[in-house]
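So that the names make sense, note that chain A is the first sequence line, chain B the second, and so on, each numbered from 1. Computed from a predicted model, the values in this text were never measured in an experiment.
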2 protein chains.
Amino acid sequence: MKKIDLPENVTADDVAAEAGVSRWTVNRAFKKAASISPATRDKVMAAAQSLGYVPDLRAAALASDRSNLVALLVDDFANPHKLVMMERLTRALRSRGWDTLLVNTLDRDDAGSAMLNASQRRVDATILIGIQFDDEVLKAAHKARRFKKLIIFARTSENPNTISIAVDDQAATREIARYVMERGYKNPLYLAGPRTVSAHLLRKETFLEFWKNHTGHVPGSIGVDAYDPILASDIIRQTLAGYQGQERPDIIVCENDALALGTIDSIRHHLHLRVPEDIAVIGFDDVPQADSPNYRLTTYRQPLTAMANYLVDVLESADTSDMDRTFMGSLVVRESA
Amino acid sequence: MKKIDLPENVTADDVAAEAGVSRWTVNRAFKKAASISPATRDKVMAAAQSLGYVPDLRAAALASDRSNLVALLVDDFANPHKLVMMERLTRALRSRGWDTLLVNTLDRDDAGSAMLNASQRRVDATILIGIQFDDEVLKAAHKARRFKKLIIFARTSENPNTISIAVDDQAATREIARYVMERGYKNPLYLAGPRTVSAHLLRKETFLEFWKNHTGHVPGSIGVDAYDPILASDIIRQTLAGYQGQERPDIIVCENDALALGTIDSIRHHLHLRVPEDIAVIGFDDVPQADSPNYRLTTYRQPLTAMANYLVDVLESADTSDMDRTFMGSLVVRESA
DNA sequence: ACGATTTTTGCACGCGCGTGCAAAAATATG
DNA sequence: CATATTTTTGCACGCGCGTGCAAAAATCGT
């Protein structure tokens, strides 16, 4: 048994020599479902332990053409909900053996190059939790196709080459609209986020249509370029400054919580009005702050954990077709509306 | 020139054949600093483009033993500052050619296994932006040593095997303490985060010592187990309920903004007092919400972009010794104190 | 135009592990 | 105890690219 001084770069061969077996047996010991006797496995593991051996996943990925790695493309770090999604996703992924490559989509036109980045690592799938990607990008991604799956998380997509895992936006929005109506609000204003293909404006359209069908008139609506509380705050100040008593909206329905939080801040601190007595606010996502005593935001909660787990199911499934799926969330009623 | 129908898995060999050069010339064309004539490079790139070739970074990493990949270990997603740090870090890293593996440290005892995870991918460095790791973990990490560098970001560490990139906590805290004193506050209460080796309680100790040296008495202090606004909110409610008029703190100095925001919420909505008139609050980090009209939090801003860029410098430098560095930030005075 | 110098190109070998199959060992069967 | 069956182990080849060196081509000087 030779002993070398420098213990750097221990490979399966070294462990094999130490344990007195072949290299392949060593590899088997590290595989979950492998035919190996418990005795040898223990022997191998002991040797590995003593040498500090850890399998090299680069080589494994290269040899097997399966990396157990996914790329997570994020383009909008101003939205606190992103942090929640990242936590839930990485938790589900890691606890089931997947690693995550975090790719910051630096600016509006960077999505394509971000995907290229991911493809160079030969990830098994790319997950989009951002919003600023359009059909061009999706098409390019599909063409390059160095990753087998393109998953759009928490957004509905009609693109046939993607797998979309999201809440049922229409059902959710109808539930919100119904609640707004039943609580007796008469003059809602809808605050929407950026208009992109992926977002599809499904929520806004659904809300406006519902309201029109039930009351006969179409509510007003405004929009911002990003899901950023600051932008929401600014546009609310500007928009509401123009209204006089009667015409002023009695509730602002926001496409998500990031906008809702900015809206509440603006109502209170710029317009010096009360929430919900003067103007109510309703959001979407149920970010952690929504529950803080300061906001007590009425909002719609997505079942993120279930969605994340389903995402891993998708990763682990062999076939690609018909994987889209929508989930039902629930309205969380607090005091803002 | 042969043509194959299935364009899957295009390798450098395919491009070489298409361009009429050797495989090695193809690889050179994709390297920044390589001796290759512009003419051949163009020819190769055109061929690569037409075949949809993208270099395989797994193989490159395997062959060169350099992955251009770092692991980012995050253990505390409740702190909104994490989102900001992640954005700044991934931006700096990606724009300089580095990819990021996001590893969610699932629970308190998971740091070791998270590092193992990273080491299996043979990352070039591991970056810790969490707090729940202690000397045991660092020792284990140093022993395993499958990554060359262990960087602690935004936290001071005395461990000789790590590289710490952080704001000068003592100088920063002294600046805060001096400000508190000059503004005439008499009875501060310090709210600290979890006690770990990495955190080192440097801020708390510095503040208490400064105050003692200048006024003769030691301020009260309390602590929570995580940098979570909810926890801060709870403990503030409990603690302040016990005080009567005179003894009540006139300012609460928080170890970071996550705690400060929860503190403000609690003061206003649980104790029904005003900030800063009844109790002032001061934070650390300058998270985006600190600037919202609702909080207007006086806090200390870390130069995150400079720190992130320095981190990449460290990654790209060959030697390992004496890389620790502290940065100076600046006090951002708003209305909360 | 010829040799000296510089730039550009080609190549053998190895990085560490997976895969599928065949040989060997262990166990079961009559 | 001999043979059939099952479990366990060993191995050749390949995954796609880097590295360092030597050969070939291009450039320069006079």
Once hydrogens and angles are ignored, does a donor-acceptor distance under 3.5 Å link the base of [N] to the side chain of [X]?
{"X": "B:Arg23", "N": "D:dG18", "result": "yes"}
{"X": "A:Arg58", "N": "D:dG16", "result": "no"}
{"X": "A:Arg28", "N": "C:dG18", "result": "no"}
{"X": "B:Trp24", "N": "C:dT8", "result": "no"}

Hey, does the side chain of [X] come within less than 4.0 Å of [N]'s phosphate (OP1/OP2), counting only N and O?
{"X": "A:Lys31", "N": "C:dT19", "result": "yes"}
{"X": "A:Asn27", "N": "C:dG18", "result": "yes"}
{"X": "B:Thr25", "N": "C:dG10", "result": "yes"}

Between [atom2] on [N] and [atom1] on [X], what's the gap in Å once rounded to a whole number?
{"X": "A:Tyr53", "N": "C:dC17", "atom1": "OH", "atom2": "C1'", "answer": "7 Å"}
{"X": "B:Asp13", "N": "D:dG18", "atom1": "CG", "atom2": "C1'", "answer": "14 Å"}
{"X": "B:Leu62", "N": "C:dG18", "atom1": "CG", "atom2": "C1'", "answer": "13 Å"}
{"X": "A:Gln120", "N": "D:dC17", "atom1": "CD", "atom2": "P", "answer": "10 Å"}
{"X": "A:Lys43", "N": "D:dT8", "atom1": "NZ", "atom2": "P", "answer": "14 Å"}
{"X": "B:Arg41", "N": "C:dT9", "atom1": "CZ", "atom2": "C1'", "answer": "14 Å"}
{"X": "B:Asp56", "N": "D:dG14", "atom1": "CG", "atom2": "P", "answer": "18 Å"}
{"X": "A:Arg66", "N": "C:dG18", "atom1": "CZ", "atom2": "P", "answer": "12 Å"}

Electrostatic pair A:Asp124-A:Lys149, nearest N-O below 4.0 angstrom: no
Within 45° cone and under 6.0 Å: B:Arg325 NZ/CZ vs B:Phe327 ring: yes
Distance-only side-chain donor-acceptor flag, A:Thr162 / A:Ser157, under 3.5 Å: yes
A:Asp75 versus A:Thr105, side-chain donor and acceptor atoms under 3.5 Å: no
A:Ile151 and its side-chain contact (heavy atoms from CB on, under 4.5 Å) partner, picked from A:Asp324, A:Ile127, A:Val70: A:Ile127
Residue B:Ser64, side-chain atoms from C-beta onward, closest of C:dG10, D:dA12, D:dG18: D:dG18
